[in-house]
Amino acid sequence: MTVSTLGPVQRTKVRPEGRQPVTSTYNELLGQIRSQGLLERRRGFYILVFALLTAGLGGAIAGFVLLGDSWFQLLIAGALGIIFTQFAFLAHEASHRQIFASGPVNDRVGRFLATWMVGMSYQWWMTKHTRHHANPNTVGKDPDIEFDTISFTEEDAAKQKGLMAAMTRRQGYFFFPLLMLEGVNLHVTSVRSLMERRPTVGRSQELTAIAVRLSVYVGLVFLFLPLGMAFAFLGVQLAVFGVYMGASFAPNHKGMPLLPTGSRVDFLSKQVLTSRNIKGGWWMNALMGGLNHQVEHHLFPSMPRPSLARARELTRVHCATHGIPYTETSLVRSYAIVIEYLNRVGLAARDPFDCPAAGDLRRR
């Protein structure tokens, strides 16, 4: 397998002349992982995390009641945005069978966390995220790089017209501000998916949970706070939730090589080459819910969060031995890479008859 640069975006392709992809050494690495017990469940850890988050939620509710009619309530709103995101991380881990050995138990816990605690559809997330894991950064197959206001491929950027094209050319700078709306988008999209006319596991159960949660939560906010403050409270909470979610998932793949539709790449290379780890140790692991070890998470989706750090050490050595590129950087640097990448992709939205030099002169 080789990496080639097509325009501003890296794309991975299989060697020509009909050669097969590099033989995967995944089973060798998996054997090392299993021999050290890194795939064994760590229920105690997750019970502790859930207990801490529940205590945090209780503290936020108590603060909400005690503060009353005060603009300091916006601090509570921000705290709730963080707490709900952390619950979403747990739902994500349950969906990957990281918490319990039983699939149905993981699903029940994940559905409870996603719907009752976060207000999102667990089934929608499962379907979307499973497609992503099967084909990360694969054009036409990975839903995480499909167009949705932001263009992640040059082809999508080139399709944009008018005001959208102008925004796309600078979309890297708009990306993080737009994440303030992502909280609303996630809630609306997940509920909309439950309303579609297609078989959906747990549809009525999820719709009921989300409706009750939304009614109680929003109702209490407007009951206790003045109208303007209530809207501000919900706006801050959703903005923090959206930014936190987006800022945790975006650094993992954006700006990494893209796989063309129909490419044939062995599992180990595909998962490692398209993923990026974030440095930072245990505190980063807590901040990002284990998503900072994205390479290992993609290689071993059912691995519990506490085992990812040790798996990283084994994976780094294994990749170095077999000449497989392994990417790891700081959180701040990853954000800079995402912004730069999106801006480079956005250049494809430029009018082909627009002279760059003339445009530069006009700006001056």
Side-chain angles (χ1 to χ4, degrees), residues 49-92 94 108-125 128 148-149 174-196 200 202-249 287 289:
V49 172
F50 179 77
L52 291 174
L53 290 179
T54 301
L57 179 60
I61 293 173
F64 176 82
V65 174
L66 292 174
L67 280 173
D69 183 356
S70 168
W71 285 103
F72 283 107
Q73 289 282 12
L74 299 186
L75 296 177
I76 300 297
L80 286 176
I82 294 173
I83 292 170
F84 291 152
T85 303
Q86 285 285 334
F87 275 122
F89 290 158
L90 285 183
H92 165 249
R108 285 195 292 271
V109 170
R111 182 167 282 110
F112 168 78
L113 291 170
T115 57
W116 287 102
M117 306 305 292
V118 184
M120 288 172 50
S121 167
Y122 176 75
Q123 194 60 38
W124 166 75
W125 174 262
K128 176 178 181 291
D148 184 10
T149 306
F174 288 111
F175 180 67
F176 286 98
L178 283 172
L179 287 180
M180 289 190 289
L181 301 175
E182 182 63 12
V184 175
N185 181 52
L186 288 172
H187 287 294
V188 172
T189 302
S190 66
V191 171
R192 183 186 298 151
S193 72
L194 292 173
M195 305 298 290
E196 294 177 354
T200 302
R203 184 201 307 272
S204 59
Q205 181 182 352
E206 293 196 6
L207 283 173
T208 299
I210 293 173
V212 172
R213 188 249 188 206
L214 180 65
S215 300
V216 172
Y217 174 50
V218 175
L220 287 175
V221 170
F222 280 93
L223 178 64
F224 278 86
L225 300 179
L227 186 62
M229 191 179 295
F231 277 112
F233 184 95
L234 293 175
V236 170
Q237 184 265 296
L238 288 168
V240 171
F241 175 72
V243 171
Y244 193 3
M245 285 284 283
S248 297
F249 282 91
L287 179 67

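Residues: numbered from 1 along the sequence shown. Predicted, not measured: the structure shown is a model, and the values here were computed from it.
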Report yes if the side chains of Asn185 and Thr149 come closer than 4.5 Å at any heavy-atom pair, otherwise no. no
Below 4.5 Å, heavy atoms only, C-beta onward: do Leu80 and Leu57 meet side chain to side chain? yes
Minimum heavy-atom separation for Met245 and Leu186, please, with both atom names. CE-CD1, 4.1 Å
Kindly give the heavy-atom pair with the smallest separation between Met180 and Val243, and that separation in Å. CG-CG2, 3.6 Å
With heavy-atom distances below 4.5 Å as the criterion, would you say the side chains of Leu194 and Ile210 are in contact? yes
Are any non-hydrogen side-chain atoms of Val118 and Phe241 less than 4.5 angstrom apart? yes
d(Leu53 CG, Thr85 OG1) to nearest 0.5 Å is 10.5 Å
As an exercise, state the distance from CZ of Arg111 to CD of Gln205, rounded to the nearest 0.5 Å. 5.5 Å
Spacing of Phe233 atom CZ and Ile76 atom CD1 [to the nearest 0.5 Å]: 7.0 Å
Can the ring centres of Trp116 and Phe84 be said to be less than 6.0 Å apart? no
Can you tell if the side chain of Trp71 reaches within under 4.5 Å of the side chain of Leu74, non-hydrogen atoms only? yes
Hey, are the side chains of Phe231 and Leu225 touching, using non-hydrogen atoms and a 4.5 Å cut-off? no
Would you sort out whether Gln123 and Arg203 count as a side-chain contact (heavy atoms from CB on, under 4.5 Å), showing the intermediate values? CA-CA 8 Å; Gln123 194 60 38; Arg203 184 201 307 272; over 6 Å; no
Below 30° counts as parallel, above 60° as perpendicular, anything between as tilted: where do the rings of Tyr244 and Phe89 land? perpendicular
Tyr122 OH to His92 NE2 distance, which is reported to the nearest 0.5 Å: 10.5 Å
Does a side-chain heavy-atom distance below 4.5 Å link Val188 with Arg192? yes
More than 12 heavy atoms of other residues, nucleotides or ligands under 6.0 Å from OH of Tyr217: yes or no? yes
Residue pair Phe72 / Leu67: nearest heavy atoms and the distance that separates them: O-CD1, 3.8 Å
Closest approach of Trp124 to Ser190 (non-hydrogen atoms, all atoms of both residues): CE3-CB, 3.4 Å
Main-chain N/O of Gly68 paired with Gln73 side-chain donor or acceptor, under 3.5 Å: yes
Where Ala91 and Gly110 come nearest, the two heavy atoms and their spacing: CB-O, 3.9 Å
Could you walk me through whether Leu90 and Met117 pass the side-chain contact (heavy atoms from CB on, under 4.5 Å) check? CA-CA 11 Å; Leu90 285 183; Met117 306 305 292; over 6 Å; no
Any Met195 side-chain heavy atom under 4.5 Å of Leu207 side chain: yes
For Thr54 and Phe87, which heavy atoms make the closest approach, and how far apart are they? N-CZ, 4.0 Å
Output the distance between atom CG (Leu220) and atom CZ (Phe64), rounded to the nearest 0.5 Å. 7.0 Å
Let me confirm one number: the OG1-CE distance from Thr115 to Met120, rounded to the nearest 0.5 Å. 11.0 Å
